[in-house]
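Just so we're clear, the structure is a prediction, and the values are computed from it rather than from any experiment. Per chain, numbering begins at 1; letters A, B, ... match sequence-line order.
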Protein chains: 2
Amino acid sequence: MNADRRVPNYQRIADALMARIDSGEFPSGSRLPTEPQLKAEYDVSSTTVRNAVKALAAAGIVETRHGAGTFVIERKLLTINATTTEDLDRRRGIVAQDSWSTDVKEAGREPDQRFECLNVAASDEQAKLLGVEPGAWLVMRRCWRTVDGIPASIEASVFPRWLVDALPELGSPHDIAQGTTSFVAERGYPMEVHLDYVSGRPFTREEESFFRAPAGVQALIRGRVSYDKPDGRVLRIMETVYRNDMHKILYVVAGRGNATSR
Amino acid sequence: MNADRRVPNYQRIADALMARIDSGEFPSGSRLPTEPQLKAEYDVSSTTVRNAVKALAAAGIVETRHGAGTFVIERKLLTINATTTEDLDRRRGIVAQDSWSTDVKEAGREPDQRFECLNVAASDEQAKLLGVEPGAWLVMRRCWRTVDGIPASIEASVFPRWLVDALPELGSPHDIAQGTTSFVAERGYPMEVHLDYVSGRPFTREEESFFRAPAGVQALIRGRVSYDKPDGRVLRIMETVYRNDMHKILYVVAGRGNATSR
DNA sequence: AGGTATTTGTCCGTATGTATA
DNA sequence: CTATACATACGGACAAATACC
């Protein structure tokens, strides 16, 4: 027994429960004892039991469901391929579908998305990238995506004014089934290079209301700025917000590791 | 979107505090009123005030410091370039330094790292990638890294047995200042292609004790499997655990967006 | 360096609300 | 409809870390 007084009681109970989960006593998806039961079992107050369960929830080990109980979580990661593009899909015979749907279906899961097109004011960052004034009107195309019925990601793209003028379909309130990347490319504006950044943060209140994810789940963010050529014109600014417990993002990186071979 | 009419009291207080933060009343780094003050101000119990502050902390808005107070957080993101390699550094005249130190110093911040080399048992996944039995002995090289004195990331690399036999320095308990990528490349084993995956999750208890990050901060994970050529031999399996509120990972992706041009 | 006030962390007991089975 | 289970809320006590004199 660890009688280290520096470790709070609720943390010791959390550790004990975690050990019981690891031992197989509570397999993935199973229900933990109720809080009153744990309270009696460990002879502590309700506060302490709740803190213990909250610690496990924050660590992504369990999920509490109001009125139902506390359940052990199992993570199923979906791989999002950030390197392949639609031309690769075509070689595999996939034509009229965006690359996200392809990824999800190939994982044997069911994709669904709700689409919307809206006019937005350019943020400072967007304005700088596009060379317009902050607050300028931009067209945003946004997808709210679910996997097996679970809210999984939100993808938002904004396009420069001149591109929307050239390709009015970008302003239409209808989804472009083949994906905007290949649509824009086919019309004469191929994206030759993308700058991606990946980070993570807690959900905003707004995102929370869409995802309704358990505690311990945060956002995995992928930003992508697409250019017609290196240091060229920006064709699209995209940001995707993923549930971080459902996704991993894959990149194939060309190594140039042999410094002496240049 | 679902419109929950009933919002808990603590959430309304959290929203009110967030609005006051956004309004500039509490700028970044400033201290919020103490909990007894908030309790009096909003005329609620200590539980409710604490729940409100916890909600803000979980959302990454504020950070509570034991005995000191509650402070508004400012995020400073460090960019980790996952695409450039040491040969690029050399062209810029940087030679005897790994790419991480380069990135951190270029951001005007102070990198520091503690290195260790240990013998570990291969996990199932590592064993599969390396073509050995699970549990086989592998050499792991690990860096515990701080930025401006703040624990920022842990990077762990494992190498196949045959490569350590060929390059015994990989088993040495000393850091390889130039970075292992270029070291291994110079000795005749260039890494021509990397497979990266990026994801996020809560810290493990062990990671927590190193990072000591406030609530609302999680791990940003980058895994990298490096090959000598596409579908070739695995030269290294690397996993880096970053504080997600301190890092974004940058990738330069070659676009092949023009499907008709093939 | 030490002591004291301040501030958050932990823990107790209890009551009531609300979602789920 | 009822019982169950977690969520919210009240009020208070003491511990532990920090700040300040």
Next on the checklist: For chain A and DNA chain C, what are the first and last nucleotides along the strand, 5' to 3', with at least one atom under 4.0 angstrom from a heavy atom of the protein chain?
Outcome noted: dT10(C) to dT20(C)
Checklist entry - What pairs with K76(B) under side chain to side chain donor-acceptor pair (under 3.5 Å), at least two apart in sequence or on another chain? => result none
Checklist entry - Looking at CZ of F71(A) and OG1 of T64(A), how far apart are the two atoms once the value is rounded to the nearest 0.5 Å? => result 10.0 Å
Checklist outcome for this item: Between the CD atom in E41(A) and the CG atom in L17(A), the distance rounded to the nearest 0.5 Å is 8.0 Å
Side-chain atoms of residues 22-32 of chain B: list all donor-acceptor pairs with protein atoms under 3.5 Å, sequence neighbours left out, distances to 0.1 Å.
{"residue": "S23(B)", "atom": "OG", "partner": "R20(B)", "partner atom": "O", "Å": "2.8"}
{"residue": "S23(B)", "atom": "OG", "partner": "E25(B)", "partner atom": "N", "Å": "3.3"}
{"residue": "E25(B)", "atom": "OE1", "partner": "R20(B)", "partner atom": "NE", "Å": "3.0"}
{"residue": "E25(B)", "atom": "OE2", "partner": "R20(B)", "partner atom": "NE", "Å": "3.3"}
{"residue": "E25(B)", "atom": "OE2", "partner": "R20(B)", "partner atom": "NH2", "Å": "2.8"}
{"residue": "S30(B)", "atom": "OG", "partner": "P27(B)", "partner atom": "O", "Å": "2.6"}
{"residue": "R31(B)", "atom": "NH1", "partner": "A68(B)", "partner atom": "O", "Å": "3.3"}

Under-3.5 Å N/O pairs linking protein and nucleotides 4-6 of chain D:
{"residue": "dA5(D)", "atom": "OP1", "partner": "R31(A)", "partner atom": "NH2", "Å": "3.2"}
{"residue": "dC6(D)", "atom": "OP1", "partner": "T70(A)", "partner atom": "OG1", "Å": "3.4"}
{"residue": "dC6(D)", "atom": "OP2", "partner": "E35(A)", "partner atom": "N", "Å": "2.9"}
{"residue": "dC6(D)", "atom": "O2", "partner": "H66(A)", "partner atom": "NE2", "Å": "3.1"}

Name every donor-acceptor pair, under 3.5 Å, that has one atom in a side chain of residues 49-59 of chain B and the other anywhere in the protein, sequence neighbours excluded.
{"residue": "R50(B)", "atom": "NH1", "partner": "E35(B)", "partner atom": "OE1", "Å": "3.0"}
{"residue": "R50(B)", "atom": "NH1", "partner": "E35(B)", "partner atom": "OE2", "Å": "3.2"}

For [X], all residues meeting side chain to side chain contact (heavy atoms under 4.5 Å, CB included), sequence neighbours excluded:
X       : value
I221(A) : R201(A), A219(A), E239(A), V241(A)
E116(A) : R114(A), L118(A), R142(A), W144(A)
D245(A) : R75(A), V217(A), R243(A)
P36(A)  : T34(A)

Checklist entry - Is there a side-chain contact between E207(A) and P151(A), using heavy atoms and a 4.5 Å cut-off? => result no
Checklist entry - Where along residues 52-63 of chain A does a heavy atom fall under 4.0 Å from DNA chain C? => result none
Checklist entry - By a strict heavy-atom criterion of less than 4.0 Å, which residues belonging to residues 11-25 of chain B are in contact with DNA chain C? => result none
Next on the checklist: Classify N51(A) by what it touches in the nucleic acid, base, sugar-phosphate, or nothing, heavy-atom distance under 4.0 Å.
Outcome noted: nothing
Next on the checklist: Taking salt bridge (Lys or Arg N to Asp or Glu O under 4.0 Å) as the definition, give me every residue that meets it alongside R236(A), ordered by chain and number, with sequence neighbours left out.
Outcome noted: none
Checklist entry - Relative to Y242(B), does R222(B) satisfy both conditions: NZ or CZ under 6.0 angstrom from the six-membered ring centre, and within 45 degrees of the ring's axis? => result no
